[in-house]
Protein chains: 2
Amino acid sequence: MQVQIFLRGAEILQISSRFTIAVHILECIRYFEGEASITSEFLSGSIGVNAVIIRRIISQLKSAGLVKVGRGRIGVLSARNLDDVTLYDVYSAVEAVSSGGLFHFHPNPNPKCPVGKNIHALLDDTLRKIQRSFEDRMRSVTLKDLQSVTVDITE
Amino acid sequence: MQVQIFLRGAEILQISSRFTIAVHILECIRYFEGEASITSEFLSGSIGVNAVIIRRIISQLKSAGLVKVGRGRIGVLSARNLDDVTLYDVYSAVEAVSSGGLFHFHPNPNPKCPVGKNIHALLDDTLRKIQRSFEDRMRSVTLKDLQSVTVDITE
DNA sequence: GATAATGTAACACAAAATATTACAGGAGGA
DNA sequence: TCCTCCTGTAATATTTTGTGTTACATTATC
């Protein structure tokens, strides 16, 4: 049996670390804004990730309207009240999930097979709903909520 | 801003297609069992994916107790009533999510930074609950449910 | 005007997913 | 029994995605 043996490595499918990095960035802004100039280099130090990566993610957060960036020696600033930003706001800012969905469908089911012909009809709607539910759950948590250790997400 | 320009390609993070392939395999068994010898070659034809990939996934489904495989000219058979198999059963059979979670955390937050020090305390519990909720949603759908076009997953 | 930071290209590298080839070994049928 | 078909799985290649690194033009503040 030994399934693990021929599965090379972890085989983990995950939401990219861009998401937790983005939350980390926003939390740094919440903590340091007004106190320090929050540059990509500064953030790189707290997050432990290359400054260019940070800048890319900041660009995405900026496109999503969450932060604004001054050139020169300003650093990153909040563009709205970050208390109200939800995890979904962050997630959708940094993951291009829109274009494909959370699930990856095998691309060539055989239309000549009675099962292959119907597999999309069978699954698409349900998978879409599951994804939607996942996103709604992320919408229900704001950055402010994270501060209270026991967030009430019904488990 | 043209975020897309410097994001190479799709940047999509997805549940591997092993999941939909596995559902496809099980649906083929539900449809063809008793009618035809369901070999990896046969499935490869319906699914449009290499037969070796199919065999690996079948091995995982077998480990999970969903199917059994005869050697020789038998092919794949159901090992239990597939009507009752949930999407989570399939998902957990083919994704090694257990070892890392759905979310990928950046591995080196700086413990000397007041934010970096607390980022795990801030996020871990909430992310775990979101993942749990995602999995529960998959648990609520069986293969039989898929047959009725309008599955009642509260949206 | 000097300095420091961003925006982003270009490229390198690592990790994961999938494809392909190959073949040993078991089961069933002739 | 022997042949054939199919599985199990190794080895390897290819593709895709994510991340790291270097570089530099641009722009805002000091």
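In what follows, every heavy atom counts, from backbone to side chain, and hydrogens, waters and symmetry copies are set aside. Chain identifiers are assigned alphabetically (A, B, ...) following the order of the sequence lines, protein sequences preceding nucleic acid strands; residue numbering begins at 1 within each chain. All of these numbers come straight from a predicted model, not from anything done at the bench.
The NE2-C1' distance, from B:H104 to C:dA14, rounds to 12 Å in whole Å. Atom pair A:I57:CD1 and C:dG7:P shows a separation of 13 Å (rounding to whole Å applied). Between the CG atom of B:N108 and the P atom of D:dG18 there is a distance of 19 Å, rounded to whole Å. Between B:I53 atom CD1 and D:dT14 atom P the separation is 15 Å, expressed in whole Å. Rounded to whole Å, atom P of C:dA27 lies 15 Å from atom NZ of B:K68. Look at CD1 on B:I54: it is 16 Å from C1' on D:dT9, rounded to the nearest Å. Between the CD1 atom of A:I74 and the P atom of C:dT3 there is a distance of 19 Å, rounded to whole Å.
A donor-acceptor contact under 3.5 Å links the side chain of A:R55 to the base of C:dT8. Between the side chain of A:R56 and the base of D:dG20, a donor-acceptor pair under 3.5 Å is found.
If you look at B:F103 and B:F134, their ring centroids are not closer than 6.0 Å.
Which of D:dG8, C:dA17, C:dG7 sits closest to the side chain of B:S59 comes down to D:dG8. Side-chain atoms of B:V69 lie closest to D:dG8 of the nucleotides D:dG8, C:dT20, C:dT18.
A close approach under 4.0 Å does not occur between any side-chain nitrogen or oxygen of A:K62 and OP1 or OP2 of C:dT6.
Between B:V76 and B:R73, it is B:R73 whose nearest contact on DNA chain D lies nearer the 5' terminus. Take the nearest nucleotide of DNA chain D for B:G70 and for A:S17: the residue whose nucleotide is more 5' is B:G70.
A heavy-atom distance below 4.5 Å is found between the side chains of A:F105 and A:D124. B:I47 has its side chain out of reach of A:V115: every pair of non-hydrogen atoms, C-beta onward, lies at least 4.5 Å apart. Using a 4.5 Å cut-off on side-chain heavy atoms (C-beta onward), B:S59 and B:R56 make no contact.
Salt bridge annotation for B:D83-B:R30: present, with a cationic side-chain nitrogen under 4.0 angstrom from a carboxylate oxygen. Comment: B:R80 does not engage B:D84 in a salt bridge, judged by the lack of any side-chain N to carboxylate O separation of less than 4.0 angstrom.
Aromatic ring pairs are classed by plane angle as parallel below 30°, tilted from 30° to 60° and perpendicular above 60°; the pair B:H106 and A:H24 is tilted.
Scanning residues 37-50 of chain A for heavy-atom distances under 4.0 Å to DNA chain D yields A:V49, A:N50.
Using a 4.0 Å heavy-atom distance criterion, A:I58 is classed as making no nucleic acid contact.
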